[in-house]
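Scroll down for the structure; my scribbles are underneath it.
Because only heavy atoms are used, hydrogens play no part in the values below, and waters and symmetry mates are left out as well, while side chains stay in. Convention: sequence-line order gives letters A, B, ...; per-chain numbering from 1.
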2 protein chains.
Amino acid sequence: MRTSDKHSKIIGAAITVFARKGFFNARISDIAKEAQVADGTIYLYFNNKYDILISLFEEEIGKIILEVKLLLEKETDPRTMLHIFALHHMQLMGEHKELAEVLQMELRQSNKFMKEYRNTKFIEYVDVVSAIIHKGQKEGVFRESLLPGVFKRAFFGALDETSRLWVLSPDHTYTMSEAAQQISDMFIYGIMAEGRS
Amino acid sequence: MRTSDKHSKIIGAAITVFARKGFFNARISDIAKEAQVADGTIYLYFNNKYDILISLFEEEIGKIILEVKLLLEKETDPRTMLHIFALHHMQLMGEHKELAEVLQMELRQSNKFMKEYRNTKFIEYVDVVSAIIHKGQKEGVFRESLLPGVFKRAFFGALDETSRLWVLSPDHTYTMSEAAQQISDMFIYGIMAEGRS
DNA sequence: TTGAAATGAATGAATAAGCATTCACAAAAT
DNA sequence: ATTTTGTGAATGCTTATTCATTCATTTCAA
(Lines give C-alpha, C1' and ligand atoms only; values in the text may rest on other atoms or scores of the structure.)
Protein backbone atom coordinates (compact mmCIF):
# COMPACT_ATOMS: atom_id res chain seq x y z
CA MET A 1 0.00 0.00 0.00
CA ARG A 2 2.86 2.35 -0.60
CA THR A 3 1.71 3.84 -3.82
CA SER A 4 -1.93 4.53 -3.06
CA ASP A 5 -2.61 7.88 -1.46
CA LYS A 6 -4.48 7.03 1.75
CA HIS A 7 -5.53 10.59 2.36
CA SER A 8 -7.47 10.86 -0.92
CA LYS A 9 -8.73 7.33 -0.57
CA ILE A 10 -10.28 8.19 2.79
CA ILE A 11 -11.75 11.44 1.48
CA GLY A 12 -13.28 9.57 -1.43
CA ALA A 13 -14.70 6.94 0.88
CA ALA A 14 -16.07 9.61 3.18
CA ILE A 15 -17.89 11.28 0.28
CA THR A 16 -19.57 7.99 -0.56
CA VAL A 17 -20.50 7.19 3.02
CA PHE A 18 -21.62 10.70 3.99
CA ALA A 19 -23.75 10.84 0.86
CA ARG A 20 -25.38 7.53 1.73
CA LYS A 21 -25.98 8.03 5.44
CA GLY A 22 -25.25 11.62 6.29
CA PHE A 23 -22.51 12.81 8.59
CA PHE A 24 -24.06 11.85 11.91
CA ASN A 25 -25.26 8.43 10.89
CA ALA A 26 -21.98 7.55 9.22
CA ARG A 27 -19.67 5.42 11.31
CA ILE A 28 -15.91 5.73 11.16
CA SER A 29 -15.84 1.99 10.58
CA ASP A 30 -18.06 2.47 7.49
CA ILE A 31 -15.57 4.92 6.04
CA ALA A 32 -12.67 2.63 6.94
CA LYS A 33 -14.31 -0.32 5.26
CA GLU A 34 -15.17 1.71 2.16
CA ALA A 35 -11.56 2.92 1.98
CA GLN A 36 -10.21 -0.60 2.61
CA VAL A 37 -8.27 0.61 5.59
CA ALA A 38 -8.29 -0.10 9.31
CA ASP A 39 -10.34 2.13 11.60
CA GLY A 40 -7.23 3.37 13.34
CA THR A 41 -5.54 4.33 10.08
CA ILE A 42 -8.04 7.12 9.61
CA TYR A 43 -6.64 8.77 12.72
CA LEU A 44 -3.20 8.85 11.18
CA TYR A 45 -4.54 11.21 8.50
CA PHE A 46 -7.30 13.10 10.28
CA ASN A 47 -7.74 14.36 13.83
CA ASN A 48 -11.36 13.27 14.16
CA LYS A 49 -14.60 12.78 12.31
CA TYR A 50 -15.28 16.51 11.90
CA ASP A 51 -11.84 16.98 10.48
CA ILE A 52 -12.66 14.60 7.66
CA LEU A 53 -15.72 16.66 6.76
CA ILE A 54 -13.83 19.94 6.89
CA SER A 55 -10.92 18.65 4.82
CA LEU A 56 -13.41 17.28 2.33
CA PHE A 57 -15.00 20.73 1.92
CA GLU A 58 -11.79 22.62 1.61
CA GLU A 59 -10.28 20.28 -0.93
CA GLU A 60 -13.33 19.71 -3.10
CA ILE A 61 -14.58 23.28 -3.12
CA GLY A 62 -11.01 24.37 -3.72
CA LYS A 63 -10.93 22.31 -6.91
CA ILE A 64 -14.28 23.70 -8.03
CA ILE A 65 -13.13 27.28 -7.52
CA LEU A 66 -10.01 26.69 -9.58
CA GLU A 67 -12.04 25.17 -12.38
CA VAL A 68 -14.65 27.89 -12.56
CA LYS A 69 -12.10 30.70 -12.31
CA LEU A 70 -10.22 29.16 -15.21
CA LEU A 71 -13.40 28.97 -17.27
CA LEU A 72 -14.25 32.59 -16.55
CA GLU A 73 -10.78 33.91 -17.21
CA LYS A 74 -11.20 34.40 -20.93
CA GLU A 75 -14.74 35.75 -20.79
CA THR A 76 -15.60 39.43 -20.48
CA ASP A 77 -19.39 39.71 -20.93
CA PRO A 78 -20.89 39.55 -17.42
CA ARG A 79 -24.06 37.89 -18.74
CA THR A 80 -22.08 35.09 -20.31
CA MET A 81 -20.04 34.83 -17.15
CA LEU A 82 -23.14 34.25 -15.07
CA HIS A 83 -24.27 31.60 -17.48
CA ILE A 84 -20.90 29.87 -17.38
CA PHE A 85 -20.98 29.83 -13.60
CA ALA A 86 -24.47 28.33 -13.57
CA LEU A 87 -23.69 25.76 -16.22
CA HIS A 88 -20.47 24.65 -14.56
CA HIS A 89 -22.13 24.35 -11.16
CA MET A 90 -25.08 22.36 -12.42
CA GLN A 91 -23.05 20.03 -14.62
CA LEU A 92 -20.65 19.33 -11.81
CA MET A 93 -23.45 18.48 -9.40
CA GLY A 94 -25.10 16.33 -12.03
CA GLU A 95 -21.93 14.41 -12.69
CA HIS A 96 -20.85 13.99 -9.08
CA LYS A 97 -24.03 13.17 -7.25
CA GLU A 98 -22.37 11.90 -4.10
CA LEU A 99 -20.27 15.00 -3.74
CA ALA A 100 -23.34 17.09 -4.50
CA GLU A 101 -25.33 15.46 -1.72
CA VAL A 102 -22.57 15.94 0.80
CA LEU A 103 -21.98 19.58 -0.08
CA GLN A 104 -25.68 20.43 -0.19
CA MET A 105 -26.50 18.83 3.13
CA GLU A 106 -23.46 19.08 5.27
CA LEU A 107 -22.52 22.60 4.25
CA ARG A 108 -25.44 23.78 6.29
CA GLN A 109 -24.52 21.71 9.26
CA SER A 110 -20.94 22.83 9.29
CA ASN A 111 -22.04 26.45 9.43
CA LYS A 112 -24.02 25.62 12.49
CA PHE A 113 -22.17 23.08 14.56
CA MET A 114 -18.66 24.20 14.05
CA LYS A 115 -19.14 27.82 14.84
CA GLU A 116 -15.44 28.20 15.29
CA TYR A 117 -14.89 27.12 11.67
CA ARG A 118 -15.48 29.79 9.05
CA ASN A 119 -16.03 28.14 5.74
CA THR A 120 -13.83 30.52 3.79
CA LYS A 121 -13.69 28.34 0.71
CA PHE A 122 -17.42 28.41 0.37
CA ILE A 123 -17.49 32.18 0.82
CA GLU A 124 -14.81 32.51 -1.84
CA TYR A 125 -16.89 30.41 -4.23
CA VAL A 126 -20.05 32.46 -3.84
CA ASP A 127 -18.07 35.68 -4.05
CA VAL A 128 -17.18 34.78 -7.61
CA VAL A 129 -20.81 35.65 -8.34
CA SER A 130 -20.83 39.00 -6.56
CA ALA A 131 -17.62 39.92 -8.40
CA ILE A 132 -19.42 39.33 -11.70
CA ILE A 133 -22.28 41.58 -10.59
CA HIS A 134 -19.90 44.33 -9.58
CA LYS A 135 -18.20 44.15 -12.93
CA GLY A 136 -21.56 44.29 -14.72
CA GLN A 137 -22.64 47.30 -12.69
CA LYS A 138 -19.37 49.11 -13.33
CA GLU A 139 -19.87 48.58 -17.06
CA GLY A 140 -23.45 49.77 -16.87
CA VAL A 141 -24.85 46.43 -17.98
CA PHE A 142 -26.59 45.56 -14.70
CA ARG A 143 -28.84 47.81 -12.65
CA GLU A 144 -27.09 49.98 -10.06
CA SER A 145 -29.85 49.30 -7.53
CA LEU A 146 -28.99 45.59 -7.31
CA LEU A 147 -27.41 44.54 -4.01
CA PRO A 148 -24.57 42.18 -4.98
CA GLY A 149 -24.73 40.61 -1.50
CA VAL A 150 -28.35 39.66 -2.06
CA PHE A 151 -27.82 38.62 -5.64
CA LYS A 152 -24.99 36.20 -4.94
CA ARG A 153 -27.06 34.38 -2.33
CA ALA A 154 -30.20 34.33 -4.43
CA PHE A 155 -28.33 33.07 -7.49
CA PHE A 156 -26.39 30.43 -5.60
CA GLY A 157 -29.50 29.40 -3.68
CA ALA A 158 -31.42 28.96 -6.92
CA LEU A 159 -28.72 26.73 -8.39
CA ASP A 160 -28.26 24.81 -5.16
CA GLU A 161 -31.90 24.05 -4.50
CA THR A 162 -32.59 23.13 -8.12
CA SER A 163 -29.64 20.76 -8.29
CA ARG A 164 -30.46 19.36 -4.85
CA LEU A 165 -33.89 18.26 -5.94
CA TRP A 166 -32.54 16.96 -9.23
CA VAL A 167 -30.01 14.80 -7.43
CA LEU A 168 -32.56 13.51 -4.94
CA SER A 169 -35.41 12.58 -7.22
CA PRO A 170 -35.05 9.69 -9.62
CA ASP A 171 -37.17 11.04 -12.49
CA HIS A 172 -35.74 14.08 -14.19
CA THR A 173 -38.09 16.24 -16.19
CA TYR A 174 -35.20 18.55 -17.10
CA THR A 175 -31.47 18.24 -17.66
CA MET A 176 -28.94 20.12 -15.63
CA SER A 177 -27.92 22.15 -18.69
CA GLU A 178 -31.53 23.11 -19.33
CA ALA A 179 -31.90 24.15 -15.72
CA ALA A 180 -28.71 26.22 -15.88
CA GLN A 181 -29.95 27.95 -19.02
CA GLN A 182 -33.38 28.61 -17.50
CA ILE A 183 -31.95 29.98 -14.28
CA SER A 184 -29.39 32.29 -15.82
CA ASP A 185 -32.04 33.57 -18.24
CA MET A 186 -34.50 34.19 -15.42
CA PHE A 187 -32.00 36.22 -13.48
CA ILE A 188 -30.65 38.15 -16.46
CA TYR A 189 -33.80 38.83 -18.45
CA GLY A 190 -36.61 38.12 -16.00
CA ILE A 191 -39.62 35.98 -16.73
CA MET A 192 -41.95 38.37 -18.52
CA ALA A 193 -43.41 37.42 -21.88
CA GLU A 194 -42.03 39.27 -24.90
CA GLY A 195 -43.56 42.66 -25.34
CA ARG A 196 -44.91 42.90 -21.80
CA SER A 197 -43.36 45.20 -19.26
CA MET B 1 -50.02 21.60 34.90
CA ARG B 2 -53.33 20.21 33.84
CA THR B 3 -54.40 23.05 31.60
CA SER B 4 -51.19 23.76 29.67
CA ASP B 5 -50.90 22.04 26.31
CA LYS B 6 -47.89 19.77 26.66
CA HIS B 7 -47.79 18.87 22.98
CA SER B 8 -47.26 22.47 21.86
CA LYS B 9 -44.95 23.14 24.75
CA ILE B 10 -42.70 20.28 23.67
CA ILE B 11 -42.78 21.36 20.02
CA GLY B 12 -41.83 24.88 21.06
CA ALA B 13 -38.99 23.60 23.19
CA ALA B 14 -37.81 21.36 20.38
CA ILE B 15 -37.64 24.32 17.99
CA THR B 16 -35.44 26.17 20.45
CA VAL B 17 -33.17 23.22 21.15
CA PHE B 18 -32.88 22.00 17.55
CA ALA B 19 -32.07 25.56 16.48
CA ARG B 20 -29.35 25.80 19.10
CA LYS B 21 -27.71 22.40 18.71
CA GLY B 22 -29.14 20.76 15.62
CA PHE B 23 -31.21 17.60 15.58
CA PHE B 24 -28.42 15.10 16.17
CA ASN B 25 -26.69 16.99 18.93
CA ALA B 26 -29.93 17.77 20.73
CA ARG B 27 -30.65 15.49 23.67
CA ILE B 28 -34.14 14.49 24.66
CA SER B 29 -33.27 15.69 28.14
CA ASP B 30 -32.46 19.14 26.70
CA ILE B 31 -35.89 19.36 25.16
CA ALA B 32 -37.50 18.09 28.34
CA LYS B 33 -35.71 20.67 30.44
CA GLU B 34 -36.59 23.47 28.01
CA ALA B 35 -40.23 22.37 28.09
CA GLN B 36 -40.15 22.05 31.89
CA VAL B 37 -41.26 18.45 31.65
CA ALA B 38 -39.77 15.09 32.57
CA ASP B 39 -37.86 13.11 29.96
CA GLY B 40 -40.46 10.36 29.99
CA THR B 41 -43.33 12.76 29.43
CA ILE B 42 -42.10 13.41 25.92
CA TYR B 43 -42.80 9.78 25.07
CA LEU B 44 -46.42 10.23 26.07
CA TYR B 45 -46.80 12.69 23.20
CA PHE B 46 -44.32 11.50 20.60
CA ASN B 47 -43.09 8.08 19.51
CA ASN B 48 -39.42 9.02 19.32
CA LYS B 49 -37.00 11.80 18.54
CA TYR B 50 -37.66 11.72 14.77
CA ASP B 51 -41.35 11.96 15.42
CA ILE B 52 -40.84 15.29 17.19
CA LEU B 53 -39.01 16.65 14.15
CA ILE B 54 -41.62 15.41 11.71
CA SER B 55 -44.53 16.73 13.76
CA LEU B 56 -42.74 20.04 14.02
CA PHE B 57 -42.46 20.26 10.23
CA GLU B 58 -46.00 19.29 9.50
CA GLU B 59 -47.51 21.65 12.01
CA GLU B 60 -45.34 24.68 11.38
CA ILE B 61 -45.28 24.44 7.59
CA GLY B 62 -49.01 23.79 7.72
CA LYS B 63 -49.52 27.11 9.45
CA ILE B 64 -47.29 28.92 6.94
CA ILE B 65 -49.22 27.48 4.00
CA LEU B 66 -52.53 28.59 5.46
CA GLU B 67 -51.20 32.10 6.01
CA VAL B 68 -49.73 32.55 2.55
CA LYS B 69 -52.75 31.08 0.79
CA LEU B 70 -54.94 33.51 2.67
CA LEU B 71 -52.74 36.42 1.64
CA LEU B 72 -52.81 35.36 -2.01
CA GLU B 73 -56.52 34.74 -2.11
CA LYS B 74 -57.52 38.28 -2.98
CA GLU B 75 -54.72 38.95 -5.41
CA THR B 76 -54.96 38.28 -9.15
CA ASP B 77 -51.80 39.77 -10.71
CA PRO B 78 -49.23 36.95 -10.83
CA ARG B 79 -46.35 39.39 -10.44
CA THR B 80 -47.81 40.78 -7.24
CA MET B 81 -48.51 37.24 -6.08
CA LEU B 82 -44.85 36.31 -6.43
CA HIS B 83 -43.87 39.37 -4.49
CA ILE B 84 -46.35 38.58 -1.72
CA PHE B 85 -44.99 35.06 -1.45
CA ALA B 86 -41.42 36.33 -1.22
CA LEU B 87 -42.25 39.02 1.29
CA HIS B 88 -44.24 36.71 3.51
CA HIS B 89 -41.54 34.05 3.47
CA MET B 90 -38.73 36.45 4.27
CA GLN B 91 -40.58 38.33 6.99
CA LEU B 92 -41.59 35.09 8.63
CA MET B 93 -38.03 33.80 8.67
CA GLY B 94 -36.79 37.14 9.96
CA GLU B 95 -39.29 37.16 12.79
CA HIS B 96 -38.92 33.52 13.79
CA LYS B 97 -35.22 32.87 13.61
CA GLU B 98 -35.27 29.66 15.60
CA LEU B 99 -37.96 28.14 13.41
CA ALA B 100 -36.08 29.39 10.36
CA GLU B 101 -32.89 27.65 11.42
CA VAL B 102 -34.66 24.38 12.05
CA LEU B 103 -36.56 24.41 8.77
CA GLN B 104 -33.52 25.46 6.74
CA MET B 105 -31.18 22.88 8.19
CA GLU B 106 -33.21 19.91 9.17
CA LEU B 107 -35.50 19.96 6.15
CA ARG B 108 -32.58 18.71 4.14
CA GLN B 109 -31.76 15.99 6.59
CA SER B 110 -35.28 14.71 6.76
CA ASN B 111 -35.35 14.32 2.99
CA LYS B 112 -32.33 12.16 3.28
CA PHE B 113 -32.50 10.09 6.43
CA MET B 114 -36.16 9.36 6.56
CA LYS B 115 -36.55 8.13 3.05
CA GLU B 116 -39.86 6.58 3.97
CA TYR B 117 -41.21 10.00 4.91
CA ARG B 118 -42.32 12.17 2.02
CA ASN B 119 -42.46 15.72 3.14
CA THR B 120 -45.78 16.49 1.49
CA LYS B 121 -46.29 19.73 3.38
CA PHE B 122 -43.07 21.13 2.02
CA ILE B 123 -43.98 20.06 -1.49
CA GLU B 124 -47.37 21.73 -1.09
CA TYR B 125 -45.69 24.94 0.01
CA VAL B 126 -43.32 25.13 -2.95
CA ASP B 127 -46.12 24.20 -5.33
CA VAL B 128 -47.85 27.44 -4.42
CA VAL B 129 -45.10 29.05 -6.51
CA SER B 130 -45.49 26.81 -9.53
CA ALA B 131 -49.24 27.44 -9.47
CA ILE B 132 -48.57 31.18 -9.74
CA ILE B 133 -46.28 30.58 -12.74
CA HIS B 134 -48.90 28.44 -14.46
CA LYS B 135 -51.48 31.14 -13.96
CA GLY B 136 -49.13 33.79 -15.32
CA GLN B 137 -48.36 31.68 -18.38
CA LYS B 138 -52.03 31.00 -19.04
CA GLU B 139 -52.68 34.74 -18.97
CA GLY B 140 -49.76 35.42 -21.27
CA VAL B 141 -47.89 37.44 -18.67
CA PHE B 142 -45.00 35.03 -18.22
CA ARG B 143 -42.96 33.36 -20.95
CA GLU B 144 -44.28 30.05 -22.21
CA SER B 145 -40.78 28.61 -22.31
CA LEU B 146 -40.37 28.77 -18.53
CA LEU B 147 -40.39 25.42 -16.80
CA PRO B 148 -42.53 25.89 -13.69
CA GLY B 149 -40.78 22.93 -12.04
CA VAL B 150 -37.45 24.67 -12.38
CA PHE B 151 -38.82 28.07 -11.47
CA LYS B 152 -40.39 26.99 -8.21
CA ARG B 153 -37.14 25.48 -7.01
CA ALA B 154 -35.01 28.38 -8.16
CA PHE B 155 -37.33 30.91 -6.56
CA PHE B 156 -37.66 29.03 -3.30
CA GLY B 157 -33.93 28.33 -3.23
CA ALA B 158 -33.16 32.02 -3.68
CA LEU B 159 -35.40 32.97 -0.77
CA ASP B 160 -34.17 30.13 1.40
CA GLU B 161 -30.47 30.75 0.93
CA THR B 162 -30.79 34.49 1.32
CA SER B 163 -32.80 34.20 4.52
CA ARG B 164 -30.50 31.45 5.80
CA LEU B 165 -27.47 33.68 5.61
CA TRP B 166 -29.39 36.59 7.06
CA VAL B 167 -30.43 34.52 10.07
CA LEU B 168 -26.92 33.16 10.59
CA SER B 169 -24.88 36.31 10.37
CA PRO B 170 -25.15 38.94 13.05
CA ASP B 171 -24.62 42.03 10.88
CA HIS B 172 -27.35 42.69 8.37
CA THR B 173 -26.55 44.87 5.40
CA TYR B 174 -30.10 44.49 4.14
CA THR B 175 -33.55 43.98 5.65
CA MET B 176 -35.71 41.00 4.86
CA SER B 177 -38.24 43.22 3.08
CA GLU B 178 -35.51 44.71 0.93
CA ALA B 179 -34.27 41.25 0.08
CA ALA B 180 -37.78 40.10 -0.82
CA GLN B 181 -38.22 43.12 -3.07
CA GLN B 182 -34.85 42.59 -4.72
CA ILE B 183 -35.45 38.91 -5.31
CA SER B 184 -38.94 39.19 -6.75
CA ASP B 185 -37.75 42.03 -9.00
CA MET B 186 -34.78 39.98 -10.21
CA PHE B 187 -36.97 37.09 -11.14
CA ILE B 188 -39.74 39.14 -12.72
CA TYR B 189 -37.78 41.82 -14.55
CA GLY B 190 -34.24 40.49 -14.65
CA ILE B 191 -31.16 42.43 -13.71
CA MET B 192 -30.37 44.39 -16.85
CA ALA B 193 -29.92 48.13 -16.66
CA GLU B 194 -32.70 50.24 -18.14
CA GLY B 195 -32.48 50.53 -21.87
CA ARG B 196 -30.16 47.56 -22.29
CA SER B 197 -31.34 44.33 -23.80
C1' DT C 1 -70.69 15.11 52.63
C1' DT C 2 -66.89 12.24 52.93
C1' DG C 3 -63.17 9.49 51.91
C1' DA C 4 -61.79 5.15 49.59
C1' DA C 5 -60.83 3.39 45.12
C1' DA C 6 -59.80 4.06 40.27
C1' DT C 7 -57.68 6.45 36.57
C1' DG C 8 -54.15 8.04 33.81
C1' DA C 9 -50.70 11.74 33.50
C1' DA C 10 -46.07 12.58 34.89
C1' DT C 11 -41.66 11.32 36.65
C1' DG C 12 -36.63 10.21 36.36
C1' DA C 13 -33.37 6.51 37.54
C1' DA C 14 -31.88 2.41 35.25
C1' DT C 15 -30.94 -0.02 31.03
C1' DA C 16 -28.77 -1.23 27.06
C1' DA C 17 -26.82 -0.26 22.79
C1' DG C 18 -23.98 2.45 19.79
C1' DC C 19 -19.69 4.25 18.33
C1' DA C 20 -15.52 7.63 18.36
C1' DT C 21 -11.16 7.22 19.78
C1' DT C 22 -7.02 4.99 21.74
C1' DC C 23 -3.17 2.06 22.05
C1' DA C 24 -0.31 -2.03 22.31
C1' DC C 25 1.43 -4.47 18.85
C1' DA C 26 2.81 -5.86 13.89
C1' DA C 27 4.48 -5.07 9.29
C1' DA C 28 6.96 -2.50 5.99
C1' DA C 29 10.24 0.68 4.61
C1' DT C 30 14.68 2.84 4.93
C1' DA D 1 18.27 -1.64 13.46
C1' DT D 2 15.32 2.00 13.53
C1' DT D 3 11.60 4.59 11.99
C1' DT D 4 7.32 4.97 9.81
C1' DT D 5 2.97 3.28 8.78
C1' DG D 6 -0.86 0.28 9.62
C1' DT D 7 -3.97 -2.68 12.51
C1' DG D 8 -8.36 -3.74 14.98
C1' DA D 9 -9.82 -5.16 19.58
C1' DA D 10 -10.71 -2.83 23.82
C1' DT D 11 -12.18 1.23 26.24
C1' DG D 12 -15.16 4.44 27.95
C1' DC D 13 -18.54 7.73 27.26
C1' DT D 14 -22.93 9.25 25.58
C1' DT D 15 -27.92 9.04 25.30
C1' DA D 16 -32.55 7.20 23.50
C1' DT D 17 -35.89 4.70 25.55
C1' DT D 18 -38.27 2.03 29.21
C1' DC D 19 -40.95 1.18 33.21
C1' DA D 20 -41.86 0.88 38.20
C1' DT D 21 -43.46 4.30 40.92
C1' DT D 22 -45.63 8.75 42.44
C1' DC D 23 -49.09 12.18 42.28
C1' DA D 24 -53.32 14.70 41.13
C1' DT D 25 -57.88 14.30 39.90
C1' DT D 26 -62.35 12.12 39.42
C1' DT D 27 -65.87 8.79 40.65
C1' DC D 28 -69.16 7.08 43.55
C1' DA D 29 -70.76 4.13 47.62
C1' DA D 30 -72.08 4.77 52.18
Side-chain angles (χ1 to χ4, degrees), chain A residues 1-59 102 105-106 109-110 112-117, chain B residues 1-59 102 105-106 109-110 112-117:
Chain A
M1 287 274 150
R2 196 57 172 52
T3 48
S4 72
D5 176 3
K6 292 261 162 62
H7 181 96
S8 321
K9 230 174 145 181
I10 293 168
I11 293 273
I15 292 173
T16 301
V17 174
F18 289 160
R20 190 157 60 228
K21 315 181 105 184
F23 178 76
F24 286 102
N25 289 320
R27 278 170 290 145
I28 289 289
S29 60
D30 292 335
I31 298 173
K33 190 193 279 181
E34 181 74 30
Q36 293 174 291
V37 138
D39 293 17
T41 304
I42 289 181
Y43 290 87
L44 296 176
Y45 295 89
F46 301 92
N47 297 324
N48 50 47
K49 201 178 161 187
Y50 281 118
D51 190 35
I52 304 175
L53 187 60
I54 291 176
S55 306
L56 189 162
F57 283 155
E58 306 259 316
E59 292 174 28
V102 176
M105 283 204 313
E106 312 298 349
Q109 305 236 339
S110 67
K112 192 71 188 112
F113 301 137
M114 318 169 190
K115 302 229 186 206
E116 68 284 9
Y117 165 63
Chain B
M1 288 274 152
R2 202 65 171 46
T3 47
S4 73
D5 177 3
K6 292 263 160 59
H7 180 97
S8 319
K9 228 173 144 183
I10 293 168
I11 293 272
I15 292 174
T16 300
V17 174
F18 289 160
R20 190 158 57 227
K21 313 180 108 185
F23 177 76
F24 285 101
N25 289 321
R27 277 172 290 144
I28 289 289
S29 59
D30 292 335
I31 299 173
K33 188 191 279 180
E34 181 74 30
Q36 292 174 290
V37 136
D39 292 17
T41 304
I42 289 180
Y43 290 88
L44 297 176
Y45 295 88
F46 301 93
N47 297 325
N48 50 46
K49 201 178 161 187
Y50 281 117
D51 190 35
I52 304 176
L53 187 59
I54 292 177
S55 306
L56 189 163
F57 283 155
E58 306 259 315
E59 293 173 29
V102 176
M105 282 204 312
E106 310 299 348
Q109 305 236 338
S110 67
K112 192 72 189 111
F113 301 136
M114 317 171 190
K115 303 227 184 206
E116 68 284 9
Y117 165 63

Please state how far atom [atom1] in [X] lies from atom [atom2] in [N], giving the value in whole angstrom units.
X: B/Lys33; N: C/dT11; atom1: NZ; atom2: C1'; value: 16 Å
X: B/Ile10; N: D/dT17; atom1: CD1; atom2: P; value: 14 Å
X: B/Asp39; N: D/dT14; atom1: CG; atom2: P; value: 16 Å
X: B/Asn48; N: D/dT18; atom1: CG; atom2: P; value: 9 Å
X: B/Asp30; N: D/dT14; atom1: CG; atom2: P; value: 13 Å
X: B/Ile31; N: D/dT15; atom1: CD1; atom2: P; value: 13 Å
X: A/Tyr45; N: D/dG6; atom1: OH; atom2: C1'; value: 8 Å
X: A/Asp5; N: D/dG6; atom1: CG; atom2: P; value: 10 Å

Legend entry - Main-chain N/O of B/Ala26 paired with B/Lys49 side-chain donor or acceptor, under 3.5 Å: yes
Inset, instruction - For the helix from C/dT1-D/dA30 to C/dT30-D/dA1, measure the angle between the helix axis at one end and the axis at the other, each built from five pairs, rounding to 10°. - result: 10°
Legend entry - OP1 or OP2 of D/dG6 under 4.0 Å from side-chain N/O of A/Tyr43: no
When you measure from the side chain of [X], which nucleotide among [options] comes out closest?
X: B/Lys49; options: D/dT17, C/dA9, D/dG8; value: D/dT17
X: B/Lys6; options: C/dT21, C/dA10, D/dG6; value: C/dA10
X: B/Arg27; options: D/dT7, D/dT15, C/dA10; value: D/dT15
X: A/Ile28; options: C/dG12, C/dA10, C/dT21; value: C/dT21
X: A/Leu44; options: D/dT17, C/dA10, D/dT7; value: D/dT7
X: A/Ala38; options: C/dA20, D/dG8, D/dT17; value: D/dG8

Contact between [X] and [Y] at the side-chain level, heavy atoms closer than 4.5 Å - yes or no?
X: B/Phe18; Y: B/Ile31; value: yes
X: A/Phe46; Y: A/Ile11; value: yes
X: A/Lys6; Y: A/Gln36; value: no

Inset, instruction - Calculate, to the nearest 0.5 Å, the distance between atoms OH and CG belonging to A/Tyr43 and A/Asp51 respectively. - result: 10.5 Å
Inset, instruction - Answer yes if the ring centres of B/Phe24 and A/Phe23 are under 6.0 angstrom apart, and no otherwise. - result: no
Legend entry - Sugar-phosphate only, base, or nothing, as touched by B/Phe46 at under 4.0 Å among non-hydrogen atoms: nothing
Inset, instruction - Salt-bridge test for B/Arg20 and B/Glu34: reply yes if a basic N is under 4.0 Å from a carboxylate O, no otherwise. - result: yes
